[in-house]
Number of protein chains: 2
Amino acid sequence: MDRKSATIQDVARVAGVSTATVSRTLSKPSVVARTTRDAVLKAVADTGYRVNATASNLRRQRTGSVIVLLPNLANTFFAQILAGLASVLTPAGYGMLIADTQSGPDPDERLTHYLASGQADGLVVLDGTLSPAALSMPGRPPVVCACEWMGDAVPSVRVENERGAALAVGHLARLGHRHIGHVTGPGGNVLTRTRLEGYRAALDRLGLPMRADWVLEGDFTMDSGAAAARVWLAMEDRPTALFLSSDEMAVGFMGEVQRAGIRVPEDVSVVGFDNIEIARHLSPGLTTIRQPRTDIGARAAELLLGLIETGASSAPSEVIEVEFIRRSSAGPPPKGR
Amino acid sequence: MDRKSATIQDVARVAGVSTATVSRTLSKPSVVARTTRDAVLKAVADTGYRVNATASNLRRQRTGSVIVLLPNLANTFFAQILAGLASVLTPAGYGMLIADTQSGPDPDERLTHYLASGQADGLVVLDGTLSPAALSMPGRPPVVCACEWMGDAVPSVRVENERGAALAVGHLARLGHRHIGHVTGPGGNVLTRTRLEGYRAALDRLGLPMRADWVLEGDFTMDSGAAAARVWLAMEDRPTALFLSSDEMAVGFMGEVQRAGIRVPEDVSVVGFDNIEIARHLSPGLTTIRQPRTDIGARAAELLLGLIETGASSAPSEVIEVEFIRRSSAGPPPKGR
DNA sequence: ATTCTTCTTGTAAACGTTTGCAGTCTTTGC
DNA sequence: GCAAAGACTGCAAACGTTTACAAGAAGAAT
């Protein structure tokens with residue numbers, strides 16, 4: 001193998017054919033004759049030729065990569081979705097460019113920037129707080145949302161958020177709880193709204209009261225879970241169980257109340273959402289709603305590749321099933337409640 | 001703005017200059033006259049021109065991206081390093097391609113593949129189990145290791161692992177522990193070796209016994225921490241304190257012993273390594289050694305960019321400070337020990 | 001006035017592919 | 001035996017930049 005890697009010209013020379021034939025052998029082998037095909041493949045092997053992706057992309061007017069826009073890379077949740085995305089994109093020959101929407105000043109502007117920059121053949125948006133308005137640009141590359149979503153303009157892959165919330169509340173009710181609180185995600189987030197709605201609807205169906213002061217505002221982070229715990233601790237009339245809109249918040253909540261001497265689930269029951277890896281390693285194990293994050297990523301990638309190949313700009317969204325995971329953080333309410 | 005984005009030709013025409021001048025205005029403005037420069041910049045603004053990275057890369061014989069090889073994307077630890085890498089690479093105009101070494105069959109082969117593929121201007125390796133032999137290829141792009149390292153052939157960014165271990169053991173000893181165990185990382189890993197060595201040396205300096213059966217084998221995961229806990233629970237003569245080579249293992253360990261009714265730190269003291277986000281949210285808060293992961297990523301990226309720009313193939317490695325974080329998972333040993 | 005710098009700009013040749021078009025050579029149908 | 005169809009292959013023109021080289025203009029030095 002040479003210092004400089006072989007080009008298609010080298011292969012053509014060695015095989016005694018034109019570069020066109022080499023290119024065709026590699027991209028659509030069916031159109032080239034058996035014997036020449038073999039000769040070319042041998043020459044490819046001999047020279048150690050690898051197609052230069054940059055040149056190929058330039059000629060084919062594509063970039064060979066997709067951009068993933070996410071709010072925060074340093075978050076388990078997104079990392080696993082990334083893994084799912086990568087599992088599809090890499091084999092398909094697409095690179096995955098990561099962009100953190102939080103690091104810059106104006107997230108919306110960054111979205112517009114990436115759409116216009118022509119740096120990518122498609123975008124995956126994991127940050128539902130971005131404004132759909134930015135997407136009105138003509139001739140923009142296809143976009144897919146994963147987990148969160150932005151109206152109906154953009155195809156998305158999401159889970160059954162309402163049903164997840166209903167499962168959580170139903171489990172608590174079945175254990176005997178009649179005072180069930182909720183800790184939400186950040187305001188304005190679709191997940192926040194949908195899960196809150198699921199919680200509300202489930203209480204309604206079960207004939208249980210929903211008290212406004214039992215709905216605490218969080219933002220999906222552990223810190224906000226801990227903050228909610230402090231609010232809960234200070235309450236006069238505490239709910240005996242809480243459904244938290246994310247496992248991270250549940251972790252923060254449990255840690256904080258436990259450090260205050262409260263026992264879970266004897267004194268308070270907790271149900272989370274996500275089933276992050278740590279959930280089963282806590283003490284007690286965290287009862288939660290599983291979202292298959294790797295699958296979500298993989299499906300989103302497939303959806304996007306479909307859009308890219310067909311040139312279509314819209315596609316049906318997908319909803320993936322959630323699963324109730326029973327562990328030990330939720331139990332019967334304390335006596336007398 | 002047109003449907004098809006403007007090319008350098010369009011800008012040249014609008015500004016009434018040649019494409020060469022446009023290119024120069026954008027890359028080294030100093031060589032073009034003030035007045036023409038302004039005209040070009042105005043034309044750029046008017047046409048909404050953005051340079052086509054693919055064409056630019058082809059001409060400049062580079063790819064504009066670096067590949068990050070990591071063992072497991074779905075891991076908090078790496079995600080945060082990625083964030084650090086991205087914070088430097090993105091502003092510098094480099095894309096970041098993620099490759100999971102575990103997903104394929106032979107990790108070493110994948111390293112070789114990426115080195116030879118010419119898909120990237122440089123590589124960041126986060127998986128120290130790869131073999132340095134793969135790097136002997138001539139004319140390969142520069143490589144930098146982060147966290148882990150591979151002999152002296154490859155420049156790396158790492159933390160003071162031995163000192164970290166010594167801090168952990170020192171703290172436990174100061175609390176009065178004389179029976180200090182250790183849970184290691186996976187065999188063959190440099191971090192495993194170095195931290196084990198730090199643990200051993202610290203015990204030695206303190207005149208404390210080191211018993212082979214108190215050194216348990218783990219692999220940095222929560223599961224392996226839980227497994228170590230089961231081994232510890234079954235011991236006749238248990239150490240009163242453990243230093244675990246990663247926080248994830250400490251989480252797994254604490255959860256498992258707590259579920260068995262053991263209290264931390266009253267019955268057993270625990271110190272981890274990494275200071276992952278959850279450490280302060282556990283109950284009790286996890287005492288640990290902080291590694292600044294975002295910094296590690298950022299430094300590694302800078303090191304790599306340096307190598308790429310200068311064309312050098314080696315550079316001095318960097319060692320970043322660790323910090324002892326005292327929380328509540330380590331306390332005095334039980335009476336009588 | 002002539003030659004030499006110093007600045008600034010344009011010309012045109014790459015970079016390594018892919019692909020429409022046209023040409024050659026077989027094969028087939030009549 | 002000839003025309004038509006089919007199967008392969010090569011030619012050459014893109015794709016959108018960057019940059020070595022040359023050339024022109026304007027001032028400086030002789």
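Quick note: numbers below take in every heavy atom, side chains included, and nothing from hydrogens, waters or symmetry partners. Please read these numbers as outputs of a predicted model, since none were measured by experiment. Below, chains carry the letters A, B, ... as their sequence lines are ordered, and counting in each starts from 1.
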Task: Under-4.0 Å salt bridge between A:Lys42 and A:Asp38 - done: no

Task: From OG1 (A:Thr101) to CG (A:Asp127), nearest 0.5 Å - done: 4.0 Å

- [ ] With A:Arg293 as the cation and A:Phe78 as the aromatic partner, state whether NZ or CZ is under 6.0 Å from the six-membered ring centre and within 45° of the axis.
- [x] no

TODO: Nearest 0.5 Å please: distance from the CD atom of B:Glu318 over to the CD1 atom of B:Ile296.
DONE: 11.0 Å

Task: Footprint string (nucleotides 16-25 of chain C, 5' to 3'): B base within contact, S backbone only, - free, heavy atoms under 4.0 Å - done: BBBBB-----

Open item on the list: Measuring from atom CZ of B:Arg60 to atom OG1 of B:Thr63, what distance do you get when rounded to the nearest 0.5 angstrom?
Closed with: 10.5 Å

Open item on the list: Could you work out how much the helix from C:dA1-D:dT30 to C:dC30-D:dG1 bends, comparing the axis of its first five pairs with that of its last five, to 10°?
Closed with: 50°

Open item on the list: To the closest 0.5 Å, what do you measure between CG (A:Leu85) and CD1 (B:Ile98)?
Closed with: 11.0 Å

- [ ] Could you tell me whether B:Arg62 sits above the aromatic face of B:Tyr94, with NZ or CZ closer than 6.0 angstrom to the six-membered ring centre and within 45 degrees of the axis?
- [x] yes

